[in-house]
Structure formats: structure tokens, C-alpha cells
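Below you'll find the structure, written out as C-alpha cells, and then a few comments.
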Amino acid sequence: MDQTTKQAINKIQSMEVQGATQITNIVLKTLQKEGEIQSKKSKVQYLKALKSIGAALEQARPTEPLARNAVQFVFHYLEHMARGKSLAETHQVLNKAINLFTKLLKHQEQKIAEAGSKLIRRNMHVFTHCHSSMVEEIILAAYQKKKNFKVFCTETRPLYQGRITARNLLKKKLDVTMVVDSAADFLISRASGKELMMDIIFIGADVITSGGSVINKIGSFGIAQVARAEKVPVYVATSLLKIDPETFTKRYVAIEMRDRKEVWPQGPKGLKIINFAFDRIPARLIKGIVCEFGVIKPRQVASLVQQYYPWIFQPIK
Ligand code: RUB
């Protein structure tokens, strides 16, 4: 494994690169670089090395099926398109597969931005949590259509990814207000006053399950519950390529647990800290999933994934 790959894994684990889509982009770029480095070996060694590097990259964060599905796509493509080909040709096929998947993600992002931006109307209060590139694209697309609306976001403890959202949107001159995480529920509730009523909530996703529930940044579950009680619609902005295929056969999805030091670096000895990275938003709390197929209901996830992404379920030899 090359030094740059170790650095990429480190960037993902330390959250210098965060969010499912950006993690997947760096995984693919790193795999492409490794392809170049490994192409000096025999074809057998090349494929063996890339498979083990792909596995290390896709597992850098444990709850990220988009990265896993991306690597899976690349090796499926190689299996079918590079059979019987020379090493040089196989290497070209690798690059083609990576470019195809990267383009597909970019194309889906545009579709999601377009579909999601239609849900934002003039003078709305739009609430979001953490930093999701998909949600950011939706908000920016709505803004580019000259819609006048306000954005509210959380700071997102312990690592403050909400600040990324706030900074990025402020740079583009949007009207942004931040609250601490523990204020999110009150802000969404009617009790915070007429001036601060939220009209729509967008969150991203790290995992989509076959039943249409979604795993996203810790805090999303509570936000969705208050939103339901207050009749504020919750939309999830995501590609369906974030499906975890294992959820077709088992219900449980392991949630990443992060270092206690993120919560309290010099916390007192003996104190136990649980630092969940994500939580699960049940399908019943989700009004719609804004995805590459438009705005769908959570119950449509399983059939769309089975119809359009059958390769996700096929093992690689
Ligand atoms: C980020 C997070 C994002 C999703 C979706 O968590 O929960 O909402 O990853 O992101 P973390 P995107 O900061 O722990 O990675 O829409 O960019 O794919």
C-alpha cells in the first residue's frame, strides 16, 4: 500500500474528509492512483493488490456503504470487461470504471439538486443538520433560482460539521442561522414562536436500508421525531447507491462508534462516554427521499435498488 493511500485512510478516519459522497470520491481517486503504482506488476498481482487496497479504503469508516458499493462496482466492471485482457488493457478498464462511477455520482447530484430545490419555496425556513453535500447542493440550486429563503443549521457536536454547512452557504451569500444541537428540537417546535417556525427539513444519509429507514449524523432521529410532532416535513437527500445490501436479509446496521476524546479530550478518568457517529431515522418519519429517481417514498427503495442496481447483490469472485 502506497503512502498516499495511508494518508487517504487517515484523512477519512480523522474526518478531514467527511460525508458519504466526499469519502467515496477520495476512495475512488486513491484507488486510481494505486492502479498506476500497481501497474508495474503482473496482472494477477495487480488485481490482488488492488482488491486488498480497495477493501482497506472502503472500510476506513465502518458505516459507509456508498464507498463499499463504489469499490464493488469497480471490481464487477473489471470482472466483466477485463476478462482475458492484458495488464495494460486491464488498467485502462480500471480507470474507465472509476471515471464512470464518479460521473454517475456527479450526475445524480445534479438530479437530486434539481428535484430537491423544487421543494423549497419563497420565504421558507429551511432546517438542516450536520454537513451533507447533497443537502448543500439542493439549497444552492434553490438559491440560484432566486428563491428568497432562510437556512437554519445545527453546529453538530462533537466535531462541528454544521460549521462547514454554515461557512459554505455564507460564502454564497445565503441567510444562515445556527443553533447548538440541544436547541434544535425547541427551534423546530411551535413553542419557539411564529417567527421561527421551520417549514421543511433536509438531512443527508450515510446508509439507506431496504425498508427505507435511513442512517445519518447522530441527532437526526430526534430532529425527525420533533418534526413529525410539529408536522414539519423531513426529506432525505441521497443517492440510492447508499443502500446497504445486507439490510435485505438482516435488520441491524452497526453504527460507527468514535473516540471518546472527540467529546471531551481531557475528560475525567472513570467517566464513560458513548460517541455514536450516527443514528437511525425510521421510514415512518420520512416524508420523502430526494434521490436520482426524483422524490420517492421510503417504501419504494427496495424495488428501485433491485431493479437498477442488481450488481450490488452479486458477489465478486
Ligand atoms: C456526515 C453525514 C452526512 C452524510 C451525507 O457525517 O452524516 O449527512 O454523510 O453526506 P460525518 P453527503 O461528518 O460523520 O461523515 O450528502 O455529502 O453524501
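Ligands are counted one by one from 1 in listed order, and the atoms in each one are counted from 1 as well. One-based numbering along the sequence shown. Given the structure is predicted, the values throughout are model-derived calculations rather than measurements.
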Given side chain to side chain donor-acceptor pair (under 3.5 Å), test Gln108 with Ser239 step by step and report yes or no. CA-CA 7 Å; Gln108 292 189 346; Ser239 156; 2.6 Å; yes
Run Phe73 and Tyr309 through ring pair (Phe, Tyr, Trp, His ring centres under 6.0 Å) and show every step you take. CA-CA 10 Å; Phe73 173 86; Tyr309 307 129; 9.4 Å; no
Full working for salt bridge (charged side-chain N to carboxylate O under 4.0 Å, His left out) between Lys145 and Glu114: CA-CA 10 Å; Lys145 288 179 181 162; Glu114 183 50 32; 3.4 Å; yes
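Atoms of ligand 1 found under 4.0 Å from any heavy atom of Cys130 (numbered from 1 in listed order, with element): 1 (C), 2 (C), 6 (O). Every atom of ligand 1 is numbered from 1 in the order shown, and the set under 4.0 Å from a heavy atom of Gln18 is 1 (C), 11 (P), 13 (O), 15 (O). Taking a cut-off of under 4.0 Å to the non-hydrogen atoms of Arg61, the atoms of ligand 1 that pass are 11 (P), 14 (O), 15 (O). Close approach to Asp206 involves these atoms of ligand 1, each under 4.0 Å from a residue heavy atom: 2 (C), 3 (C), 4 (C), 7 (O), 9 (O). Within the listing of ligand 1, atoms 11 (P), 13 (O), 14 (O) sit less than 4.0 angstrom from a heavy atom of Met15.
No cation-pi contact links Lys172 to Tyr143, judged by a cut-off of 6.0 Å to the six-membered ring centre and 45° from its axis.
Using a 4.5 Å cut-off between side-chain heavy atoms of Ile, Leu, Val, Met, Phe, Trp and Tyr, with links allowed through other members, Val135 and Phe149 fall into the same hydrophobic cluster. Hydrophobic clustering, with ILVMFWY side chains joined whenever heavy atoms are under 4.5 angstrom apart, groups Val176 together with Ile120.
Here's the thing with Ala20: one of its N/O atoms is less than 3.5 angstrom from an N/O atom of ligand 1. Some N or O of Met134 is nearer than 3.5 Å to an N or O of ligand 1, by distance alone.
Contacts of Gln161 with ligand 1, taken as heavy-atom pairs under 4.0 Å, involve the side chain alone. For His131, every heavy-atom contact with ligand 1 shorter than 4.0 Å involves the backbone, none the side chain. The part of Lys242 lying near ligand 1 is the side chain, judged by heavy-atom distances below 4.0 Å.
Of the options Asp2, Leu47, Ile53, Leu31, a side chain to side chain contact (heavy atoms under 4.5 Å, CB included) to Gln38 is made by Ile53 and by none of the others.
Between the side chain of Ser210 and the backbone N or O of Ala302, no donor-acceptor pair lies under 3.5 Å.
In terms of protein heavy-atom proximity, atom 8 (O) of ligand 1 is closest to Asn216 OD1, 2.7 Å. Nearest non-hydrogen protein atom to atom 6 (O) of ligand 1 is Lys217 CE, 3.4 Å. Scanning the protein heavy atoms around atom 16 (O) of ligand 1, the nearest turns out to be Ser132 OG, 2.7 Å. Among all protein heavy atoms, the one lying closest to atom 17 (O) of ligand 1 is Ser133 OG, 2.6 Å. Nearest protein heavy-atom contact of atom 18 (O) of ligand 1 is Thr21 OG1, 2.5 Å. In terms of protein heavy-atom proximity, atom 5 (C) of ligand 1 is closest to Ala205 O, 3.3 Å.
Ring centroid separation for the pair Tyr308 and Phe293 comes in under the 6.0 Å cut-off.
Across all their heavy atoms, Arg61 and Arg258 have their closest contact at NE-NH1, 3.7 Å.
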